[in-house]
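Below: the structure, in structure tokens.
Just the heavy atoms: all of them, side chains too, but no hydrogens, waters or symmetry mates, feed the values below. By convention here, the first residue in the shown sequence is residue 1.
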Amino acid sequence: MVVGRAIGPGETENELIFVTTTIDEVRVGEFVYYETNEKHSLCRVMSREEIQVFPDTFLDSREYTPKQIASALGVTEEENVERYKVKAKILGTFTEEDGEFKNLRLPPEPGTPIFRAENDYLEKVLYPSREQGVLEVGSLLNREVEEVKIKLDMNEIVTKHLSILASTGSGKSYTVGVLLEELVKSNNRGSGIVVDVHGEYDTLAQDSEIGKYFEIYEPKIKIKNMTVETFNLASPRSLTGKMKNRLYQVLERLKKNANYGFNEILEELDEEDQTEAGIRWRINSIKNYGIFDKSIETSIDDICQPGKFSILQFPQASEIEEKIALSYFARKILEARKNYKKIQMGKKLPKKAETINFPVVIILEEAHNYAPANQDVPTRDLLRSIAREGRKFGVGLCVVTQRPSRLDEDVLSQCNSNIIMKIKNEADQNSIRKGVEAASEDLIRDLPGLTPGQAIIAGECLNTPVLVSIRKRKSEHGGTTPNVAEESRMAYEKSMEEQRRADSEMEEVDKEVL
């Protein structure tokens, strides 16, 4: 379908300007093409502006539309006075052999017809044409629902990391749920952990069809398994060199005990010695944390199982306990994957060395709390390490945040695939400009106008950035926003009913007394 004619190149060599009268067919984000040497040169619409509109006098009538007035004056549809100038980015010519675009950007001659890209062509060029390792997350926004399905490359997401960036209420947790549904499908069978700080993913484990692929854990760290570095991580103040040496000696001496707790460690320390008093103070500051246990350990064999995701929740834990748990288990996962890599290379490992023989993805809600931009917290350096090294060892990272400007720039920049939803805050938009390589200015301009469930997906998980309508979840969503008026009314009515019941009981008592 011809939607316009080329005027010529834009401000840069990879831009095209064309004129159209069929504005509904060339919305921002739409895909069009022109033919070069019998090949399609695909373009994405970046912006449009009116260059010819109806005269003001055609807009005065309350009874007739401008088109009806124009028709009465003898102006036909073909002579439609509405014209728009459209700017499009030239993506290049898609080659099936390589599965990517070649930047053969030969600008079209003036007057060259511009076509709206067909659905089947778009499906062929947007995502990998294979059955395994693809995640169907939605459909192209400017087409009818499911006309052009959007599928992401699972390999790129897990090995090169993903960010999901969105304001509150835009649908980021809903989108995570869609991704998890796709990851556990029979042709994917992905594995990993979800750090669920708000308890939003219970419904996945409760679902009748896919619930068996999800398990909820309240993670525990066995005190006997804590190393000096674990104590240092948990302590409100770092241990000095002397403290580390002394604590190491104590832990070595206690190893023969089947199970020991903080009290047994404290009994080994002298209150009068300054170094040991410092250790005592640090242990007393963490001894009541609920994530530590004298006899129970949540092992990585429990939380990392082939084809399953573990949902880690912290209903009674403080934020610092969440950070300690994330550091502890994420570090063990990374080390276990490194150990497996060493075995593959023929190296020998100690008998007690833990290994994981399958890729693992760590999905992290409220990621800005664990890797803040301007604050040194224990988890930030670990997440930086996973972001930099994880690709080599099959440890993927998916960071989810409503405040990109508060997320560490190194972590964000290492996410080579991005799902970006509605974001109005200018500081957050600037962070995306700096940290998300695939987010061009025309895409960032669209962010404030997105509605819940709409997203820009860009990066290495797709061949080109697209505007997407996220599909409906098959499992129930557990992160719905409360219906304030309904819940308030119900609470009030319940309170009044209880009051009436109490008043009635009191009247009965008064009657009996009298």
Side-chain angles (χ1 to χ4, degrees), residues 157-158 161-166 168 172-181 183-184 190-205 213-221 230 233-234 289-292 297-300 302-305 308-337 356 359-372 375 377-387 390 395-404 406-408 411-412 414-415 419 477-479:
I157 283 178
V158 174
H161 314 309
L162 171 71
S163 71
I164 300 177
L165 314 173
T168 301
K172 61 184 185 301
S173 297
Y174 191 96
T175 302
V176 172
V178 169
L179 281 171
L180 286 166
E181 289 176 351
L183 283 163
V184 299
S191 307
I193 64 172
V194 184
V195 180
D196 181 17
V197 295
H198 298 306
E200 295 177 297
Y201 300 105
D202 294 39
T203 52
L204 288 163
Y213 303 118
F214 296 92
E215 191 77 35
I216 298 173
Y217 288 93
E218 294 180 22
K220 299 290 184 181
I221 299 172
T230 310
L233 171 72
Y289 285 171
I291 60 167
F292 298 125
E297 167 91 350
T298 307
S299 72
I300 59 170
D302 290 331
I303 62 174
C304 294
Q305 298 184 40
K308 294 186 177 182
F309 275 81
S310 294
I311 300 168
L312 307 188
Q313 295 183 343
F314 307 89
Q316 307 298 326
S318 62
E319 189 174 301
I320 184 61
E321 290 177 81
E322 294 170 6
K323 289 179 175 141
I324 293 166
L326 173 63
S327 292
Y328 184 80
F329 292 107
R331 193 180 302 278
K332 285 172 76 73
I333 289 169
L334 181 59
E335 289 302 315
R337 284 297 295 168
I356 300 174
V360 176
V361 60
I362 299 171
I363 299 176
L364 184 58
E365 281 274 5
E366 304 290 353
H368 56 275
N369 289 332
Y370 301 95
Q375 187 181 356
V377 300
T379 44
R380 186 176 67 172
D381 288 342
L382 173 63
L383 292 175
R384 282 177 175 176
S385 295
I386 293 174
V395 180
L397 186 63
C398 172
V399 294
V400 186
T401 180
Q402 59 193 348
R403 294 308 309 270
R406 295 182 183 175
L407 180 64
D408 181 73
V411 172
L412 180 58
Q414 291 292 332
C415 295
I419 299 177
H477 178 43

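Considering SG of C398 and CD1 of I164, their distance stands at 4.0 Å, rounded to 0.5 Å. Considering CG of L407 and CD of Q402, their distance stands at 12.0 Å, rounded to 0.5 Å. Put simply, CD on E319 and CZ on F314 are 11.5 Å apart, with the number rounded to the nearest 0.5 Å. The structure places CD1 of I157 at 5.0 Å from CG of L162, a figure rounded to the nearest 0.5 Å. Atom CG in D381 sits 9.5 Å away from atom OG in S327 (nearest 0.5 Å). Separation of atoms CD1 (I303) and CD1 (I356) is listed at 7.5 Å; rounding is to 0.5 Å.
Annotation: ring pair (Phe, Tyr, Trp, His ring centres under 6.0 Å) contacts of F214 (sequence neighbours excluded): none. Residues passing the ring pair (Phe, Tyr, Trp, His ring centres under 6.0 Å) test with Y174, sequence neighbours excluded: H477. Applying the salt bridge (charged side-chain N to carboxylate O under 4.0 Å, His left out) criterion to K308, with sequence neighbours excluded, gives no partner residue.
Within the 4.5 Å cutoff, the side chain of V377 has heavy atoms near those of the P372 side chain.
A donor-acceptor contact shorter than 3.5 Å links the side chain of T298 to the backbone of K220. At distances below 3.5 Å, not a single donor-acceptor pair connects side-chain atoms of E218 with backbone N or O atoms of P315. Side chain of R331 to main chain of L382: no donor-acceptor pair is present (N/O by atom type, distance under 3.5 Å, no hydrogens or angles).
For CZ of R384, the number of neighbouring non-hydrogen atoms (other residues, nucleotides, ligands) closer than 6.0 Å is greater than 12.
Screening L204, V176, I216, D202 against D196 for a side-chain contact (heavy atoms from CB on, under 4.5 Å) leaves a single residue, D202. Of the options E366, H368, E365, a side-chain hydrogen bond (donor to acceptor under 3.5 Å, both in side chains) to T401 is made by H368 and by none of the others. When the options V411, L364, D408 are evaluated for a side-chain contact (heavy atoms from CB on, under 4.5 Å) with Y370, the one that passes is L364.
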Original post:
Could you walk me through whether S163 and L412 pass the side-chain contact (heavy atoms from CB on, under 4.5 Å) check?
Top reply: CA-CA 7 Å; S163 71; L412 180 58; 4.0 Å; yes
**OP:** Could you go through the side-chain contact (heavy atoms from CB on, under 4.5 Å) check for V400 and S173 one step at a time?
**Re:** CA-CA 8 Å; V400 186; S173 297; 5.5 Å; no
Subject >> Verdict with supporting geometry, Y289 and I320, side-chain contact (heavy atoms from CB on, under 4.5 Å) >> reply: CA-CA 9 Å; Y289 285 171; I320 184 61; 3.4 Å; yes
Subject >> Intermediate values then yes/no, side-chain contact (heavy atoms from CB on, under 4.5 Å), I419 and L179 >> reply: CA-CA 11 Å; I419 299 177; L179 281 171; 4.2 Å; yes
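The two atoms that bring P219 and F329 nearest to each other are CB-CE1, 3.5 Å, heavy atoms only. Taking both residues in full, the closest heavy atoms of I362 and I386 are given as CD1-CD1, 4.1 Å, listed atom of the first, atom of the second, then distance. In this structure, K323 and T379 approach most closely via the heavy-atom pair O-CG2, 3.2 Å. Minimum interatomic distance between V395 and L334 (heavy atoms only, all atoms of both residues): CG2-CD1, 4.1 Å. Shortest non-hydrogen contact noted between V360 and G192 is CG1-CA, 3.7 Å. In terms of heavy atoms, Y328 sits closest to E297 at OH-OE2, 2.8 Å.
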